[in-house]
2 protein chains.
Amino acid sequence: MADLAAHVGVSRQLVSLVLRDAPGASAETRRRVRAAAKELGFSPHVGARSLRRARSKDLGVVFAPAHSTEPEIVEAIYPAASALGYDVMLSAQTSTRSTDEAVDELLGHRCAALVVIGSTVDLRAIARRSHVPVVDVGFGRPNRYYDVVRSSGDLGIEQLVDHLADLGHRGVTYVDPTSMPPGALRRRGYERAVDRRGLTGDLLPVPGDYAAADYFSEAGATAARSLLDRPELPTAVIAPNDDTAVALLHTLIRHGARVPEDLSVAGFDDAPIARTSSVDLTTVRQDPAHLGAAAVRAAVRRVQNPDLHPRETVLDTSLVVRTSTAAPRRPRPRSRTAGQHVESAG
Amino acid sequence: MADLAAHVGVSRQLVSLVLRDAPGASAETRRRVRAAAKELGFSPHVGARSLRRARSKDLGVVFAPAHSTEPEIVEAIYPAASALGYDVMLSAQTSTRSTDEAVDELLGHRCAALVVIGSTVDLRAIARRSHVPVVDVGFGRPNRYYDVVRSSGDLGIEQLVDHLADLGHRGVTYVDPTSMPPGALRRRGYERAVDRRGLTGDLLPVPGDYAAADYFSEAGATAARSLLDRPELPTAVIAPNDDTAVALLHTLIRHGARVPEDLSVAGFDDAPIARTSSVDLTTVRQDPAHLGAAAVRAAVRRVQNPDLHPRETVLDTSLVVRTSTAAPRRPRPRSRTAGQHVESAG
DNA sequence: GACAGCGACTAGCACGTGCTAGTTCCATCA
DNA sequence: TGATGGAACTAGCACGTGCTAGTCGCTGTC
């Protein structure tokens, strides 16, 4: 910066003023400083800036690149933070890098607050040792140590069950990947709605390892095989995430079932895959942009007023009806040999 | 850090020694300093550290969270960098945040080098204005401004064509999502191999918008419908990425075709979706861990010796044979009405 | 003509750390 | 006993910036 000042022929302080858009420099000087900065390829040293600055304007974000829904939230955080005058600093949590390591890096950068996306660990210890506000995005429970931002997974599933019941289904099967963190909440929504509508419940648990990259898909395929082994298919199946629903749907189709003629299939998330024309899945949308923006708001709220208590933000979900669900038909007898296919219905 | 020193009853400099594992402190002192640091929740100020330090040990990484293959590379970069004593700093490139913005943030942090993953913009200007080594991971062409790390997409497709030819296929259709950045290279591999093996070539271009999240899947669905409109299906189809291949496969199955009996389908990437049992796609594996490690090595090489010229690193791919490809059968007549299904082959 | 007021600019300190150059203490040895 | 040396520790500067408190010169006012 001193070099730049010498190059323009003014003091370093004036350059500083210009670069942070502070008042007290003439238009002509601003122009010349900006031009010189661009010419010399100068960018201010973020470290020195954060060292000197009274309070940090950085938002630390911990996320897991491997989980398909998190990048969408990360994308949404950038414009939301920028609108409130904050910068974003990312830190990945991977199979070789624990949440604690990711958090420590961000604390070292003196972030004003931490946003932790989709974490499965208890954030209480982290909230205590980091002396900044912590926001959990995903599936935390309300508490007095950190904020929680999540979508209403239970109500979303209820919307799905209502949709299927309205179509005339008398029973709804629910595939439950038991290791899925938000699973318990969504399952409760299913149970509540089935009860309320007087439907026949049918819970199909699929255990597995949440850390495996293909756990959700594999759970759908497993569930489909399990259904195909039954003497009769259900008329409607819900999976609590789109990856599971899509794998379920394709495995069923591959073995001769028709969707939605033979059975309706619905998912949850409105992931990109659900929208493609080869799938066209009825699902529940939880808008990642809203989640990201709400997380930023929650963090900034507590940065600006540290005495406020952490709170829970629950975002509405919306039902997205596509062609994978329809009214049930009268059950038909079907052949069940693997690899064999049903005849054309004409 | 001064607080910490006072708390332990030693000088600040000694605490500094302990925290960066430098020699010159007794074992007992180390223990006490470490304990106090943990108790007070102290972590050194990264900004101040980078300000004082002679040379940076940070590797800046630009990636697009929305692209499904990039997070895997990001994951691999962490252990590779850590093994060479480098820290990783992420910066996202999104629909609201240009590559230039992402790069500027990293330059502000005074990273020792930049790794740009899957970028479609020309990195020459960036390489010039950032006075640090730049590595392009993905599909760049060799040049004298920045390093390029990529996998041998052309040879990978050749492996696929060879595999299909070995199975007895006489012609291979190639679905080409024309807006896909590494597409040109892979298509050349296809053309070369078809030529070499004396097969019947059949190029099926699918235009579209690379920025759309579901472009690849939609391209597969589009290609499938196009194939279904033909009087006769080809016996083998290759798509240059797994998302396209999977959408193609499922759309074909949904319209009554059987894979691999009626036709073989192959993809490229060995994405998690290709491994799931409802898909089980023959594909070409480009190991993201190798790409990430090679990128880190390339960056560190030039950091340690800035006079070296940038170079290109091409990583081998490996064929992964699964059940979506098989020997061709004699073509059978088939009904072509949408939504209708072929009869069981018995 | 003295003086206040204002816009444009500058002086100098402080932020938290790493590093070089010390200083102190104690054991060892001729 | 005094010199030697090494281990353990400390003093103080420098890094690049933001911020407070100025200085300088010009204009308008009585």
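Proteins get letters first, then strands, A, B, ... in listed order; numbering begins at 1 in each. Any value given below was found using the heavy atoms of this structure, including those in side chains, with hydrogens, waters and symmetry copies removed.
Where V10(B) and L51(B) meet DNA chain D, the nucleotide closest to each residue was compared, and V10(B) sits on the side nearer the 5' end. Annotation: of the two residues near DNA chain C, A48(A) and L14(A), the 5′-most nearest-nucleotide partner is L14(A). Residue G24(B) is the one, among R110(B) and G24(B), whose nearest nucleotide of DNA chain D lies closer to the 5' end (criterion: closest heavy atom).
Among the heavy atoms of the strands, none lies under 4.0 Å from P23(B). Nucleic acid contact class of S50(B) (heavy atoms, under 4.0 Å, all strands): none.
Remark: D21(B) engages R34(B) in a salt bridge, criterion side-chain N to carboxylate O under 4.0 Å. Ion pairing of E105(A) with R97(A) is present here, as a side-chain N (NZ or NE/NH1/NH2) and a carboxylate O approach within less than 4.0 Å.
Side-chain proximity of T29(A) to dG16(C), dC9(D), dC9(C): nearest is dC9(C). Of the listed nucleotides (dC13(D), dT10(C), dA11(D)), dA11(D) has the atom at the smallest distance from the side chain of Q13(B). Taking every side-chain heavy atom of P44(B) into account, dT17(C) is the closest of dG16(C), dT17(D), dT17(C). Considering only side-chain atoms of R53(B), the nucleotide from dG18(C), dT10(C), dC9(C) that sits closest is dG18(C). Taking only side-chain atoms of R12(B), from C-beta outward, the nucleotide of dG18(C), dG16(D), dG18(D) with the closest atom is dG18(C).
Taking atom CZ of R49(B) as the reference point, atom C1' of dC15(D) lies 15 Å away to the nearest angstrom. Atoms CG (L107(A)) and C1' (dG16(C)) sit 16 Å apart, rounded to a whole Å. Note: CG (L17(A)) to P (dA8(C)) measures 11 Å, nearest angstrom. For the pair M1(A) CE and dA11(C) P, the computed distance is 14 Å after rounding to whole Å. The separation between D3(A) atom CG and dT17(D) atom C1' is 14 Å, rounded to whole Å. For the pair H45(A) NE2 and dT17(C) P, the computed distance is 14 Å after rounding to whole Å. Rounded to a whole Å, the CZ atom of R55(A) is 17 Å from the P atom of dC15(C). At whole-Å resolution of the value, CG in L19(A) and C1' in dG16(D) are 12 Å apart.
For the pair R20(A) and dC19(D), the criterion of a side-chain N or O lying under 4.0 Å from OP1 or OP2 is met. Checking the phosphate oxygens (OP1, OP2) of dA7(D), no side-chain nitrogen or oxygen of S26(B) falls inside 4.0 Å. Distances shorter than 4.0 Å separate some side-chain N or O of S16(B) from OP1 or OP2 on dG18(C). Taking side-chain N and O atoms only, R52(B) has no distance below 4.0 Å to OP1 or OP2 of dG16(C).
Judged purely by atom type and a 3.5 angstrom limit, H109(B) has no side-chain atom pairing as donor or acceptor with the backbone of C111(B).
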Using salt bridge (Lys or Arg N to Asp or Glu O under 4.0 Å), reason through D147(A) and R302(A) one step at a time and then give a plain yes or no.
CA-CA 9 Å; D147(A) 281 77; R302(A) 286 190 56 218; 3.0 Å; yes
Set out, in order, the CA-CA distance, both residues' side-chain angles and the distance that settles salt bridge (Lys or Arg N to Asp or Glu O under 4.0 Å) for R150(B) and E312(B), then state yes or no.
CA-CA 8 Å; R150(B) 62 174 180 87; E312(B) 185 187 30; 3.0 Å; yes
Audit row: D104(A), R129(A), salt bridge (Lys or Arg N to Asp or Glu O under 4.0 Å) steps and yes/no:
CA-CA 10 Å; D104(A) 283 342; R129(A) 80 159 196 277; 2.5 Å; yes
